[in-house]
K.L.:
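One structure follows; several queries about it will come next.
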Amino acid sequence: MDRQREREYDFTEVEERWKKEWVATNPWAAPDFPTGPKRYLVTMFPYPSGDLHMGHVEVFSIHDTIARYSRMQGFEVLNPIGWDAFGLPAENAAIKRNINPKTWTYDNIAKHRASMERLGISFDWDRVFLTCEPTFYRWNQWLFLQLYERGLAYRKAAAANWCPKDKTVLANEQVIAGRCELCDTPVVKKWLTQWFFKITDYADRLLDDMEILTGWTERIKNLQRNWIGRSYGAEVNFSIEGRVEPIRVYTTRPDTLWGATFFVVAPEHPLADELIAGTGKESELEAFREQVGRLTEIDRTSTEREKKGMFTGKHVINPVTGEPIPVWLADYVLMDYGTGAIMAVPAHDQRDFEFARSYDLPVKVVIQPPNETLDGDTMTEAYAGEGSMVNSGEFDGTSTDVSVEKVTQWLEAQNLGSAATNFRLRDWLISRQRYWGTPIPIVYCDECGEVPVPDDQLPVELPEQVDFTPQDEGVAPLATAHEWVNVACPRCGKPAKRETDTMDTFVDSSWYYHRYLDVHNESAPFDPEKDRAWMPVDQYTGGGEHAVLHLIYTRFIQKFLMDIGMTEDPEPFPALLNQGVITMGGKRMSKSRGNVVEPVEAFERYGADALRLYMLFSGPPEAPFDWPDEGVRSIGRVTAPWLQRVWRLCEDVADMPVAPDDATRGPAELALRKFLHRTIKVATRDYENFSFNTIVARLQELVNEAYRYRAVGGNNRGILLEVVESLLLLLAPMTPYLTEEEWRRLGHDESIHDQSWPEYDPTLAAEDEVTL
RNA sequence: GCCGGGAUGGAGAAAUCUGGUAAACUCGAUGGUCUCAAACACCAUUGCCUGAAAGGGCUUGCGGGUUCGAAUCCCGCUCCCGGCACCA
């Protein structure tokens, strides 16, 4: 069109001007009580470990597009933001720079906020909170005490995951393939007394309520199912000479009970001490345990490693055959799953088989496959498939599809055992031997023992005068704050000491989305009335890497809050959108690798709109995106030129004089209108499906059509105005700045972001009939 | 081993739910207009084979099936990605 391009869209000037206005007026503030259809939209609040990175830009672009589209569709929208400001990475970064974690955190939050404003994200800035402020974390302490009162927060000694580098324990979910989630150091087991939240009480509900999660991908639900790991089976009693209580084992195959030829107890099990006592094998047990304890989780769980065991010298009675079978200790049996003891059926379990061959224990076949005859002496691997029972008394001939149920019923009738369910999920270990977190509101008194801090003494504030560097193993930095540690017992008034561990920061994020709804409340974490008005979250967006961390903890705490009457929905986030990971050269962007594209550089060279649109156009939101090698420059090839093209079209139309025949329609005008209305129809459908890349494609076609119309001499201002105004409305959720500027340029006094979504004429939008 | 997801041009992708012209849109590439020149912008070509062209033939990981018609639905494979894994 205008080859000379005397003028160009000055995105820097336009974006700065509107940003200033939006920051000054907070136009997207939401009321506490919506009066019409509502949408509560939450994006996972960021962790301030530096400035925003492209992953944030991606998810905020997606999220903000949904928010702006929802408003134009007539919903009342609440779109808040806050910061997940406590935690280990900030603390480590601060220690490295020899400054207080608070200073470091607040600096980063200021940077984050400036970048969010520059990106034009339509947050309600009146509802901001930081989890590291006492006004927030005192409600973490409240939550802890609520759980404590109901027996769902408890302290126990257990073999905990210990990161030797970060010098703290970690929850199971924070150990990725045997390594620390944060620093990748191999984790070791350490026997410590720690605080736990009893998430296992909610295991069934966490699984069963997944039916409600219709807006979650199979991928994430599958991860959670695997993580929770429910299995059905039976517990069976084995009696032992000289002991009143029988020993229980859990098995998923009670139908193989007749083939149990030995019995194994986890080496750490207290029962091991009992069995060994008086046999003269105490030192051997000690050595064996030490050998097992030295292994990292990676070594211990390696399938290649040969299983090691130790005979106790004791026997238990197989309850169905009446025969004594030897009791062993072995490193392949886990202390914290089932009962910590198993019946070993080497013929039909591969692990038991390998152990039996190593230690020359008998292998007895009790399931015969249909087409061959197994022999325990000659078989080379366990047979775990289907077949019919043999060597099993009255059950001989029973087939596998009914045998488990029949045997379980019989065991119950004989009083030998009962049906049982087990989970892979472990209780959530929330103690951390670190400084930058919520103090656990417990006091230890010599007289009264463990005493919860009464509500009127909350918050237990995090002291500032502390040596916050990690201390020797198992000692928290807060132990160095002597004045803070030593308090009067809340119950008897005698000298006592505070708990010095802090809470896992996943406690903060497990309920934060409620706090937005009542951010200034000083007497409760939130008002259930206000909560009811906005909950549940209609759309949650964020990274899929939290599948078994945040996303499982938060579902648990939501259910708990429902149980105590604070909130009404069993699930906090019925719909979840996980954006794809952004990489460059197939690797995660990182400064040390030198493959980082900085959002700030993109703002300066191409503007926020072009960056947002680039993120949305790159592919479906959930798809991973490998950023081209040329870096920020690729925005200058893809979306920045197209926005200039949109701008020129708008300017062209804005400059056209009003003519008397603007309302007349020839064939070319009709064709363009039909194209426009089809575009509105399809783009609207695509917005509903979050298919942003195809919306952009469709709008590009529309712009191409308009240019073509102009190129062949089309000059009907009426039709062009309809096209351009609709185009701006359809584009407004994705590129808020340019659309606002040009909307005003076309003579409107009100913000484009307050307009209603354009409607299409169904007659015009109908596809032309195709004759087959 | 168990569970889940996926495979379409040189690249990102679209069409898959709801079977109907496969490859929209964009990048890259090639040629052109403009320019002293370059950049920008604009125009054209661009799945593969064949052909001077018109045209013809083939094509959605592989093999079958259903159907007038299959990228799409069904059955059986292969490969890739992700998760879990000594969980009894």
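Proteins come first, then strands; the chains are lettered A, B, ... in the order of their sequence lines, and each starts at number 1. Everything numeric in this text was worked out from a predicted model, so none of it was measured.
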K.L.:
Within the structure shown, what part of the strands sits under 4.0 Å from A:Pro628 by heavy-atom distance: base, sugar-phosphate, or nothing?
P.N.:
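Counting heavy atoms under 4.0 Å across all strands, no contact is made by A:Pro628.
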K.L.:
Got a salt bridge between A:Arg648 and A:Glu742, using NZ or NE/NH1/NH2 to carboxylate O under 4.0 Å?
P.N.:
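Looking at A:Arg648 and A:Glu742, the cut-off is not met.
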K.L.:
Out of B:rA41, B:rC84, B:rG82, which nucleotide sits closest to the side chain of A:Arg424?
P.N.:
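In terms of side-chain proximity for A:Arg424, the closest of B:rA41, B:rC84, B:rG82 is B:rC84.
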K.L.:
Of the non-hydrogen atoms in A:Phe238 and A:Leu257, which two are nearest, and what is the gap between them?
P.N.:
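Taking every non-hydrogen atom into account, CZ-CD1, 3.8 Å.
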K.L.:
Is B:rG51 paired to anything, Watson-Crick or G-U wobble with both distances less than 3.5 Å, and if yes, which nucleotide?
P.N.:
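B:rG51 is unpaired by these criteria.
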K.L.:
Would you mind reading off the distance between A:Gln644 atom CD and B:rC42 atom C1', rounded to a whole angstrom?
P.N.:
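To the nearest whole Å, that distance equals 15 Å.
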K.L.:
Describe the nucleic acid contact of A:Arg426 in one word from base, sugar-phosphate, nothing, applying a heavy-atom distance below 4.0 Å.
P.N.:
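Touches a base.
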K.L.:
Considering only the P atoms, how many Å lie between B:rG19 and B:rU33, rounded to the nearest integer?
P.N.:
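Those two atoms are separated by 49 Å.
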K.L.:
Between B:rU26 atom P and A:Ile635 atom CD1, what is the distance in whole Å?
P.N.:
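Spelled out: CD1 on A:Ile635 to P on B:rU26 is 18 Å.
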K.L.:
So, OP1 or OP2 of B:rA14: does either fall under 4.0 Å of a side-chain N or O from A:Asn693?
P.N.:
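True: A:Asn693 side-chain N/O within range (under 4.0 Å) of B:rA14 OP1/OP2.
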K.L.:
In whole Å, what separates the C1' atom of B:rU35 from that of B:rA24?
P.N.:
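Per the computed distance, 34 Å lies between those C1' atoms.
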K.L.:
Below 4.0 angstrom from OP1 or OP2 of B:rA88, is there any side-chain N or O of A:Tyr337?
P.N.:
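Yes, because at least one side-chain N or O of A:Tyr337 sits under 4.0 Å from OP1 or OP2 of B:rA88.
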K.L.:
Side chain of A:Pro620, heavy atoms from C-beta onward: which of B:rC86, B:rG82, B:rA14 has the nearest atom to it?
P.N.:
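Of the candidates, B:rA14 comes closest.
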K.L.:
When both hydrogen-bonding distances must be under 3.5 Å and the geometry is Watson-Crick or G-U wobble, what is B:rU8 paired with, if anything?
P.N.:
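Matched B:rU8 with nothing under the 3.5 Å cut-off.
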K.L.:
Which of the following nucleotides, B:rA14, B:rG82, B:rC27, is nearest to the side chain of A:Val638?
P.N.:
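Nearest to the side chain of A:Val638 among the choices is B:rC27.
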K.L.:
List the steps and the verdict of side-chain hydrogen bond (donor to acceptor under 3.5 Å, both in side chains) for A:Asn161 and A:Lys189.
P.N.:
CA-CA 5 Å; A:Asn161 302 298; A:Lys189 286 284 185 192; 3.2 Å; yes
K.L.:
Could you give the OH-to-C1' distance, from A:Tyr614 to B:rC27, as a whole number of Å?
P.N.:
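From A:Tyr614 OH to B:rC27 C1': 9 Å.
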K.L.:
About how many Å separate CZ of A:Arg698 and OG1 of A:Thr679, when rounded to the nearest 0.5 Å?
P.N.:
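So the gap between those two atoms works out to 4.5 Å.
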K.L.:
Heavy atoms only, 4.0 Å cut-off, all strands: where does A:Ile342 land among base, sugar-phosphate and nothing?
P.N.:
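A:Ile342: base contact, heavy atoms under 4.0 Å.
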K.L.:
Check the phosphate of B:rC2 against A:Arg225, side-chain N and O only, distance under 4.0 Å to OP1 or OP2. Yes or no?
P.N.:
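It does not, given that no N or O in the side chain of A:Arg225 lies less than 4.0 Å from OP1 or OP2 of B:rC2.
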K.L.:
Which atom names give the shortest non-hydrogen contact between A:Val638 and A:Phe617, and what distance separates them?
P.N.:
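Scanning both residues completely, I find the closest heavy atoms to be CG1-CD2, 3.7 Å.
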K.L.:
Check the chi torsion on B:rG82 and let me know: syn if it falls within 90° of 0, anti if not.
P.N.:
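With its glycosidic angle more than 90° from zero, B:rG82 counts as anti.
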K.L.:
Determine the interatomic distance between P on B:rC80 and the same-named atom on B:rG32; round to the nearest Å.
P.N.:
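Pairwise P distance, B:rC80 against B:rG32, rounds to 45 Å.
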K.L.:
Judged by each residue's nearest nucleotide on RNA chain B, which is more toward the 5′ side, A:Asn226 or A:Asp349?
P.N.:
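Going by which nucleotide is closer to the 5' end, it is A:Asn226.
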K.L.:
Do you know which two heavy atoms are closest between A:Thr261 and A:Pro326, and how far apart they sit?
P.N.:
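For A:Thr261 versus A:Pro326, the nearest heavy atoms are O-CD, 3.5 Å.
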K.L.:
Between B:rC34 and B:rC43, how far apart are the two P atoms, rounded to whole Å?
P.N.:
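Here B:rC34 and B:rC43 have their P atoms 16 Å from each other.
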K.L.:
Below 4.0 angstrom from OP1 or OP2 of B:rA88, is there any side-chain N or O of A:Ser231?
P.N.:
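For B:rA88, OP1 or OP2 has a side-chain N or O of A:Ser231 closer than 4.0 Å.
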K.L.:
Quick check for you: among B:rC42, B:rG82, B:rA14, whose closest atom lies nearest to any side-chain atom of A:Arg648?
P.N.:
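The answer is B:rC42.
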K.L.:
Could you identify the nucleotide paired to B:rU33, looking across every strand shown and requiring Watson-Crick or G-U wobble geometry with both distances under 3.5 Å?
P.N.:
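Answer to the pairing question: B:rA41, which forms a Watson-Crick or G-U pair with B:rU33.
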K.L.:
Using the P atom on both, measure B:rG82 against B:rA15 and round to a whole Å.
P.N.:
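To the nearest whole Å, 25 Å.
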K.L.:
Can you check whether A:Arg253 has a side-chain N or O nearer than 4.0 Å to OP1 or OP2 of B:rA88?
P.N.:
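Answer is no, no contact under 4.0 Å.
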K.L.:
Side chain of A:Asp331 only, heavy atoms from C-beta on: which candidate in B:rC86, B:rG12, B:rG83 is closest?
P.N.:
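For the A:Asp331 side chain, the nearest candidate turns out to be B:rC86.
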K.L.:
Nearest whole angstrom, please: distance from the C1' of B:rA14 to the CZ of A:Phe692.
P.N.:
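Checked: the CZ to C1' distance equals 17 Å.
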K.L.:
Using atom C1' in both nucleotides, what's the gap between B:rC86 and B:rA14 to the nearest angstrom?
P.N.:
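Between the two C1' atoms, the distance is 47 Å.
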K.L.:
Partner of B:rA13 by Watson-Crick or G-U wobble geometry, both contacts under 3.5 Å, or none?
P.N.:
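Paired with no nucleotide.
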K.L.:
For A:Ile176 and for A:Ala623, locate the closest nucleotide of RNA chain B by heavy-atom distance; then report the residue assigned to the nucleotide nearer the 5' terminus.
P.N.:
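The answer here is A:Ala623.
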K.L.:
What interatomic distance, in whole Å, is found between P of B:rC73 and the corresponding atom of B:rU60?
P.N.:
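It comes out at 15 Å once rounded to the nearest Å.
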K.L.:
Counting side-chain heavy atoms from CB outward, which of B:rU26, B:rC42, B:rG82 is closest to A:Asn704?
P.N.:
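Looking only at side-chain atoms, A:Asn704 lies closest to B:rU26.
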K.L.:
Could you check how far NZ of A:Lys221 sits from P of B:rC3, rounded to whole Å?
P.N.:
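Taking atom P of B:rC3 as the reference, NZ of A:Lys221 is at 18 Å.
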K.L.:
Rounded to the nearest angstrom, tell me the gap between atom OH in A:Tyr9 and atom C1' in B:rA41.
P.N.:
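From A:Tyr9 OH to B:rA41 C1': 19 Å.
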K.L.:
Starting from P on B:rG83, measure out to CG on A:Asn172 and report it in whole angstrom.
P.N.:
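Nearest whole value for this atom pair: 17 Å.
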K.L.:
Rounded to the nearest 0.5 Å, what separates atom OH in A:Tyr606 from atom CD in A:Glu601?
P.N.:
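So the OH of A:Tyr606 and the CD of A:Glu601 are separated by 8.5 Å.
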K.L.:
Taking the P atom of each, how far is B:rU26 from B:rG76, in whole Å?
P.N.:
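To the nearest whole Å, 42 Å.
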K.L.:
Parallel under 30°, tilted from 30 to 60°, perpendicular over 60°: which one fits the rings of A:Tyr383 and A:His348?
P.N.:
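Rings of A:Tyr383 and A:His348: perpendicular, over 60°.
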K.L.:
Once you round it to whole Å, what is the distance between C1' of B:rC81 and CD of A:Glu218?
P.N.:
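Nearest whole value for this atom pair: 17 Å.
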K.L.:
Can you tell which of B:rG12, B:rA24, B:rA88 lies closest to the side chain of A:Phe617?
P.N.:
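The closest nucleotide is B:rG12.
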K.L.:
Within the pair A:Arg645 and B:rC42, is there a side-chain N or O less than 4.0 Å away from OP1 or OP2?
P.N.:
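For A:Arg645, the contact criterion (side-chain N or O under 4.0 Å from OP1 or OP2 of B:rC42) is met.
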K.L.:
B:rG28 phosphate, OP1 or OP2: any side-chain N/O from A:Arg637 under 4.0 angstrom?
P.N.:
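Result: yes.
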